[in-house]
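Data block below; observations after.
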Protein chains: 2
Amino acid sequence: MPRILAPRNLPMQQRALEKREMILSVTAKLLGTVGQDDLTTILIANKTGISVGTLYHYFPNKYSILFALSQRWLNEIDYALDDIDNFSLKDVSLRDFTNYSIDRMLNVYTDQEGILPLVQLMSGVPELKELDEEHDEKIIFTMSKIFNRLSISSNPLTLSRLSQTWLEVTHAILLIAITSKKDDKKSILSDLKHMIMSLLEKAKSNF
Amino acid sequence: MPRILAPRNLPMQQRALEKREMILSVTAKLLGTVGQDDLTTILIANKTGISVGTLYHYFPNKYSILFALSQRWLNEIDYALDDIDNFSLKDVSLRDFTNYSIDRMLNVYTDQEGILPLVQLMSGVPELKELDEEHDEKIIFTMSKIFNRLSISSNPLTLSRLSQTWLEVTHAILLIAITSKKDDKKSILSDLKHMIMSLLEKAKSNF
DNA sequence: ACCTGAACACCGTTCAAGT
DNA sequence: ACCTGAACACCGTTCAAGT
């Protein structure tokens, strides 16, 4: 009767999951403090209070830790995209859409600890880059659907291009915004929204 | 009379410089083919046709090779900025300025071999990141001067913010543009110019 | 059942020995 | 005067031995 083992197993599972979480949060912190180059597996293990061998019990290799951190961050973006999708009804104005979507994305960028080094890693490490690029495709797919619903265009190529531009411009500027002081941040966000709105208005007027 | 050695030294110097160039171009090519992770010093040395020891005669360490590649690329940007600065006279229109500056920057991005992995390295490796960030400051200084001359603003903080936004948006979108097919590239550049122009027009109208 | 850390393979860098 | 490549230090990963 395996079920009888459950009470015994559960704490084990929980402790294992907690240790996994600890490794991830320690790595995220170290990424911001010591940087990518000095981030050794032994350092991660020691700071987590375990041995290297145990570290490799939870993760098959060093990059799988960074992979898990990346996945977590991309998941947060997915939640934001869902919210943006739900908000963007047929009759919503471009201004409202832009304000909501940029603000919602800003939250994701603000909440993630050590997002700057993580983003750099994602574009530099092949394994993470692949994950990131696949995820970009998903974003572009969702945004295309939304832009179509908002009557910005119906041409798949145009929708895909606008979505990619929306993604890259938003990404680049939000990374600046989160490291800016309060007043500057407000202006930067206002500039970003203005640019995105111009982009979408122009596309819509051509449609 | 040391001067008598010059004819003897010159060919040596030249051969040394040529070897240095070979190492740099081999590294740039390898960066695009094998990627950052498999770019070992022994591989660079072998592909250049020299030993590791000789490689270290020309460069003090691995990153100094990538540092030299980065400097070369940043130099090309400086030439472009000079051209943009010379083009941007007091009475030039925002449309002409935007068209010229984006087109001129596009050339720099198009001409550089292996620019994508190089850009990733520059943001990921601390030594290169520092070089890149210092250079960004120079770009922002020059662009601020230009934006001021074009009567877009006279507030240093506003000028600096607009310059940074100009830089980041242009950078992000040009990286997409250079990997796009002809027709798509045209549309992407048109979108970029439209966004930049909206940004500058808005700032100017507030001035 | 889970953990440890010495041991192995590999990469950046050096330097004694070669031409 | 310049080049070579074995040797060293260090990091990612494994696995025999411990509890």
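Computed over heavy atoms, backbone and side chain alike; hydrogens, waters and symmetry mates excluded. Below, read A as the first sequence line, B as the second, and so on, with proteins coming before strands; counting in each chain starts at 1.
Residues B:Thr54 and B:Ser51 bring a donor and an acceptor atom of their side chains to less than 3.5 Å of each other. Between the side chains of A:Ser198 and B:Lys202, not a single donor N or O lies within less than 3.5 Å of an accepting N or O.
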task = Sugar-phosphate means primed atoms, P, OP1 and OP2; the rest is base. With that split, encode nucleotides 13-19 of chain D 5' to 3' as B, S or - using protein heavy atoms under 4.0 Å.
result = BB-----
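What separates CE of A:Met22 from P of C:dC3 is a distance of 12 Å, to the nearest Å. We find that NZ of A:Lys19 is positioned 16 Å from P of C:dA1, with the value rounded to whole Å. Protein atom CG of B:Leu43 is 12 Å distant from nucleotide atom C1' of C:dC11, rounded to whole Å. Rounded to an integer number of Å, the gap from NE2 of B:His57 to P of D:dC2 is 6 Å. Here the C1' atom of nucleotide C:dG12 and the CG atom of A:Asp37 are 12 Å apart, to the nearest Å. When rounded to the nearest whole Å, the span between CD1 of B:Ile44 and P of C:dG12 equals 8 Å. Straight-line distance from the OH atom of A:Tyr58 to the C1' atom of C:dC2: 8 Å, rounded to whole Å. Distance, A:Leu55 CG to C:dG5 C1': 13 Å, rounded to whole Å.
Nucleotides D:dT14 and C:dA1 place their P atoms 23 Å apart, quoted to the nearest Å.
The backbone N or O of A:Ile176 lies less than 3.5 Å from a partner atom in the side chain of A:Thr179, making a donor-acceptor pair. With hydrogens and angles ignored, the 3.5 Å screen pairs a side-chain donor or acceptor of B:Thr48 with a backbone N or O of B:Ile44. Remark: side-chain polar atoms of B:Asn86 are paired, donor with acceptor, to backbone N or O of B:Asp82 under 3.5 angstrom.
Remark: A:Tyr79 OH is loosely packed, at most 12 non-hydrogen atoms of other residues, nucleotides or ligands lying under 6.0 Å away. More than 12 heavy-atom neighbours from other residues, nucleotides or ligands sit within 6.0 angstrom of CD on B:Gln71.
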ask   = Which dot-bracket notation, 5' to 3', represents the base pairing of DNA chain D when pairs are defined as Watson-Crick or G-U with both distances under 3.5 Å, crossing pairs as [ ], and inter-strand pairs as |?
value = ||.|||||...|||||.||
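Considering only the side chain of A:Thr40, D:dG12 comes nearest among D:dG12, C:dC3, D:dC3.
B:Arg161 has no carboxylate O lying under 4.0 Å from a charged side-chain N of A:Asp183, or vice versa, which leaves the two without a salt bridge. In this structure, A:Glu21 pairs ionically with A:Arg72, as a charged nitrogen and a carboxylate oxygen lie closer than 4.0 Å.
Using a 4.0 Å heavy-atom distance criterion, B:Ile65 is classed as making no nucleic acid contact.
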